[in-house]
Amino acid sequence: MKQVYIVFCCLFFSGLVSSQTLTGSIQNLDEVIVLADKNLKEFSNSQTLVTLADSTITRSGASLTELLSLNSAIHFKENGLGMVSSPSFRGSTAQQTAVVWNGININSQFNGQTDFNTVNIRNFDEVGIRSGGGSVLYGSGAIGGSIHLNNSVQFHAGFENSFFTRLGSYDTQDLNYTGKFSNDKLSVNISTSYSHSENDYEVPTRVGRNQNGSFYNLGMSANIGYKINANNLIKYYGYSYDGERHFSLISPTETPTKYQDINTRQLLEWEGTYGKVSSNLKLAYLTERYKYFSNTELYNYTFGEANTVVGKYQLGYRIFGGAYLQGMADITHTAGEGSSINETKRTISGFSLLYKQRLKKLIYEASLRQEITSNYESPLLYNLGLRYKFNSWYTLKLNGSKNFRIPTYNDLYWTGSGNVTLKPEMAYQFELGNEFQFGEVKVSLLGFYNDITDMIRWLPSGSLWNPVNTDHVLTYGLETQLQFSKQIGDHHIGLNASYSYTKSENQETEKQLTYVPYHKGAGSVNYQFRQWSMYWQSMYTGEVFIFSDNNPRYILEDYFINNLGVEYQFHKPFPIQLGVQVKNILNETYQSVANRYMPGINYNFYLNFNF
Amino acid sequence: MKNYFKSIMLLLSFGLFVASCSDDDNITPIENPSGTYENGMLVLAEGGSISGSVSYISSDFTEVENNIFFNINSDELGTYVQSMAFQDGKGFIVTDNNTINVVDRYSFEREATITNGLSLPRYMAVSNGKGYVTNWGDGFVADDDFVAVIDLSSYTVQESIPVGEGPEQILAVGDKLFVSHKGGYSTNNIITVINTSDNSVETIEVADNPDEMFVNGSGQLVVLSEGATIYDANWTPIGDTPGAITTIDPSNNSVVSEIAFAEGFHPNLMAYSQGYIYYQLNNQVFEMSEASTSLPTSAIINLSGTTPYGLSVNGTHLFVTDAKDFASLSDLLVFDLTDNSLANTFEVGLIASKVYFN
């Protein structure tokens with residue numbers, strides 16, 4: 001009842017504000033949108049880049065895990081809803097997916113990965129999924145692929161406010177307010193997201209209900225753009241995240257634990273366009289801090305804290321019509337420490353050269369990157385690709401690249417265990433993509449091959465554990481995608497389906513990596529009639545092995561999750577979208593990590609109010 | 001086991017949280033036709049990504065049954081199954097998740113569960129008709145460690161005896177209890193002696209990280225200390241303290257003898273049988289007479305390619321649990337001490353550790 005009250009208060013308040021600001025409406029001007037990370041679209045021609053639509057984001061819960069799990073081929077290993085979540089992208093490990101915020105790699109300095117349940121999607125204007133190697137552009141970890149959280153700066157759009165609220169089972173709230181103002185010179189965008197859940201869903205074990213599983217997070221962002229003149233644009237992106245999760249129990253007698261994350265990111269960017277020359281200077285400051293409480297009743301905790309400064313300069317030159325050359329120099333300086341890591345500084349500088357040429361039917365791109373650091377020997381990275389449009393219905397894409405994942409602070413500096421002689425993990429990869437378009441039907445068929453060597457694994461040596469470069473893993477597979485969209489009168493139908501087969505085999509043992517499914521499928525059907533929409537989302541994940549020897553008696557069974565939603569769009573007096581969703585409508589009992597059950601059937605409704 | 005815990009903490013920080021409990025539908029236990037778990041071995045497995053468990057292997061090696069606690073009680077032990085104690089036909093299974101399950105030691109039917117008054121329990125001993133359980137408290141806190149005293153008729157914790165950091169194994173000798181302090185997540189170098197008549201406490205200093213203990217043929221307490229790594233202020237390893245086998249006179253708590261290992265050598269498992277001490281060092285098993293004043297120079301069993309995690313001896317058989325890569329089921333390796341050859345291998349639970357003879 002309390003939430004409903006709050007929602008109505010907010011609605012009422014927002015209504016007041018909007019009725020004031022909307023007088024003398026300045027909509028329908030030529031809206032100009034400037035993306036934060038221009039490289040993403042510029043240099044992804046020979047690979048797969050999917051940008052998730054706003055409607056897809058609206059229909060998802062607040063966590064990046066849920067969004068991508070339903071809308072991509074990425075598999076997630078989730079310790080129960082909202083708990084620690086790590087990706088496996090094209091059969092790779094959790095550290096082999098780079099998460100990139102406005103062009104800056106934000107994987108943790110400590111463990112080299114992003115916990116996808118600590119990213120609230122509502123603070124971003126765009127979520128992109130780029131499959132395959134991307135270390136030349138995005139650095140460490142862009143092996144399986146990279147996830148892009150981008151904000152945009154827009155001009156000439158006037159005032160825009162949006163208020164989003166979702167209330168659901170297990171006392172779950174997911175709220176966002178975004179306010180935008182822009183004229184021809186200045187653009188301001190502020191956004192606040194709050195997500196909370198008691199998360200006490202029923203689990204089929206003797207615990208009965210998910211115990212000690214509650215979480216909340218608060219994300220705030222501010223994105224500002226200022227046009228100095230026609231050639232120069234200054235942008236600022238600020239973001240902060242503060243979240244706390246209690247980690248759910250398996251046995252009721254376990255000591256309850258909790259985990260806190262506090263991350264801040266700031267980026268100042270100066271973009272200049274001078275005829276054929278484009279110049280881009282970025283200065284970023286990132287902080288990450290975690291605290292782990294091994295007993296929620298006590299104040300004792302272990303922690304890690306890292307502050308990173310990134311400087312990046314890009315100079316691009318349009319040589320002629322379709323040829324573009326870009327040089328890039330960057331420096332990343334990190335100072336990190338933790339309960340088991342002494343304060344250690346690390347500086348990595350990098351130089352990249354990227355070239356792209358667009359001919360009539362052909363686009364080819366070639367890029368190189370060399371990093372220099374005193375911590376380990378850094379290899380020359382490259383990416384070569386081409387895209388050829390044979391005719392109106394068939395396009396071929398070829399891409400080969402060399403990528404890496406650098407050793408993390410934990411790997412290198414963990415007291416008593418860290419190994420400072422570690423090398424980066426290396427990945428050579430190749431992919432071949434085919435895209436077909438027949439009217440309203442788009443089909444893509446892609447094969448990939450990824451040879452990953454020197455994979456870092458912690459192994460016992462005597463009574464201590466040390467990280468070593470040991471595993472050699474081949475991942476290869478097939479990705480298919482089908483898109484269909486048709487409008488007949490007032491009826492619109494859209495279909496999106498993907499299926500992937502992934503083999504991820506340790507070359508020494510010839511066994512599939514644990515927790516990597518062979519099969520994953522995801523899809524949705526959307527039917528719209530005037531102001532009504534109805535959609536069905538499905539996700540299938542094949543069985544996974546729990547043990548490294550692929551013991552057939554210890555598997556997690558496959559699961560098939562389905563959601564149903566209905567939306568209604570009001571246009572007057574304000575654009576309001578109302579939605580009701582039933583998740584896991586078939587009430588499937590499932591888990592992606594052994595004995596970490598996920599919720600059964602559950603419900604939510606949401607409201608998206610623009611004014 | 002402490003280092004394993006350190007690693008667990010590390011894994012926690014990796015965000016790769018290990019889960020517990022098995023996918024029960026997929027386990028097909030081998031039936032144990034006799035229906036009891038007498039005349040055989042109980043092999044404990046700590047668990048990790050699945051629940052810890054207990055396996056039974058008959059003395060003649062013909063019957064094997066994994067997950068016996070689950071099979072009998074339809075419930076999992078959870079993680080991490082640490083140790084067992086036995087008294088009056090009862091078995092006490094100590095699990096780190098603040099639980100002691102009391103079972104009939106032969107039928108394995110659960111009779112009680114103790115959860116109150118425990119905080120990261122490790123090992124249990126019985127003396128004076130009471131159970132004494134070592135507890136770490138919070139593994140990062142140095143002054144909250146204790147020995148819980150359990151009334152064995154009501155199965156409740158009656159009182160707590162505060163002890164130093166990281167109490168590990170506990171052994172009853174007469175009216176005394178000897179507790180080795182491996183130090184929890186830290187390091188320690190004491191044996192606590194508890195006088196059960198008044199619960200008064202004394203300490204004996206030994207080499208760093210004492211863990212395994214037994215009473216030898218002369219009634220003396222023998223302690224294996226693993227030794228420790230020494231770090232400078234920046235946590236850079238700058239050396240180590242040697243491990244040692246220390247013999248203590250339990251009547252007056254004095255150290256009778258100490259045989260130190262060379263610097264850089266850290267033995268970590270020890271067992272005793274019929275006048276001989278067996279210990280594990282660098283993937284080799286060494287055998288020495290309890291009367292010996294020096295360490296043997298050559299090993300009797302080579303364990304290369306395995307991850308030794310537990311060691312026990314019974315008669316002419318020596319048992320080693322091989323935890324492998326900690327991400328697949330462990331093996332119990334059975335060696336015949338008449339010729340030191342590998343006689344049998346059994347697949348047991350995940351991260352198998354202790355072997356008890358029932």
Side-chain angles (χ1 to χ4, degrees), chain A residues 77 79-80 83-86 94 108 110-111 113 115 205-206 247 249-255 257 290 292 294-295 298 300-302 304 338-342 410 413-417 457-460 462-465 514 546-557 591 593-596, chain B residues 2-4 6-7 9-23 25-28 49-51 75-79 95-99 113 115 118-120 137-141 144 226 229 231 233-237 266 268 282-283 307 323-329 347 350:
Chain A
K77 204 182 143 187
N79 276 4
M83 303 293 106
V84 171
S85 162
S86 56
S108 165
F110 294 104
N111 61 21
Q113 66 188 66
D115 181 338
T205 66
R206 73 179 155 115
F247 284 150
L249 307 181
I250 292 171
S251 310
T253 56
E254 270 169 49
T255 307
T257 63
Y290 74 83
Y292 171 67
S294 56
N295 185 341
L298 301 175
N300 310 301
Y301 60 85
T302 54
S339 304
S340 296
I341 291 173
N342 291 300
N410 288 354
Y413 311 123
W414 192 270
T415 50
S417 290
R457 185 149 62 94
W458 286 68
L459 292 175
S463 57
L464 276 179
W465 287 58
T514 58
I546 299 175
F547 291 147
S548 61
D549 60 359
N550 290 183
N551 188 327
R553 287 179 290 127
Y554 290 88
I555 55 162
L556 293 184
E557 283 174 22
Q591 46 187 341
V593 174
N595 213 42
R596 297 290 189 172
Chain B
K2 182 190 66 177
N3 286 308
Y4 182 64
K6 273 186 178 168
S7 311
M9 296 320 294
L10 181 62
L11 289 174
L12 286 175
S13 80
F14 269 68
L16 299 171
F17 292 86
V18 282
S20 162
C21 204
S22 63
D23 202 34
D25 301 341
N26 300 306
I27 298 163
T28 345
S49 58
I50 61 166
S51 169
D75 194 10
E76 295 284 15
L77 290 162
T79 50
T95 308
D96 277 351
N97 61 12
N98 309 316
T99 309
T113 306
T115 56
L118 302 172
S119 183
L120 237 166
D138 187 284
F140 295 103
V141 179
D144 65 345
E226 296 180 2
T229 307
Y231 300 95
N234 290 321
W235 281 97
T236 307
H266 300 291
N268 75 344
N282 295 341
N283 275 32
T307 308
K324 297 187 188 165
D325 61 354
F326 294 87
S328 44
L329 294 183
E347 187 177 74
L350 180 68

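All chains are named by letter (A, B, ...) in the order of the sequence lines, taking the proteins before the strands, and each is independently numbered beginning at 1. From a predicted model like this one, the values you see are computed outputs, not experimental measurements.
Aromatic rings of A/W458 and B/F326 (six-membered ring for Trp) have centroids beyond the 6.0 Å cut-off, not under it.
By number of non-hydrogen pairs under 4.5 angstrom with chain A, the leading residue of B/T307, B/T113, B/T229, B/L329 is B/L329.
Proximity to chain B is limited to the side chain of A/N300, based on heavy atoms less than 4.5 angstrom apart. For A/N295, the parts lying under 4.5 angstrom from a heavy atom of chain B are both the backbone and the side chain.
Put simply, the side chain of B/S49 reaches to within 4.5 Å of the side chain of A/F547, judged on heavy atoms. Between A/R457 and B/D325, the closest side-chain pair of non-hydrogen atoms falls below 4.5 Å. The shortest side-chain heavy-atom distance between A/E254 and B/T99 does not fall under the 4.5 Å cut-off. B/N98 is listed as a side-chain neighbour of A/T255, based on a closest heavy-atom distance under 4.5 Å.
Rounded to the nearest 0.5 angstrom, B/E76 CD and A/I250 CD1 are separated by 10.5 Å.
When only modelled atom types and interatomic distance are considered, B/T115 and A/T253 share no side-chain donor-acceptor pair under 3.5 Å.
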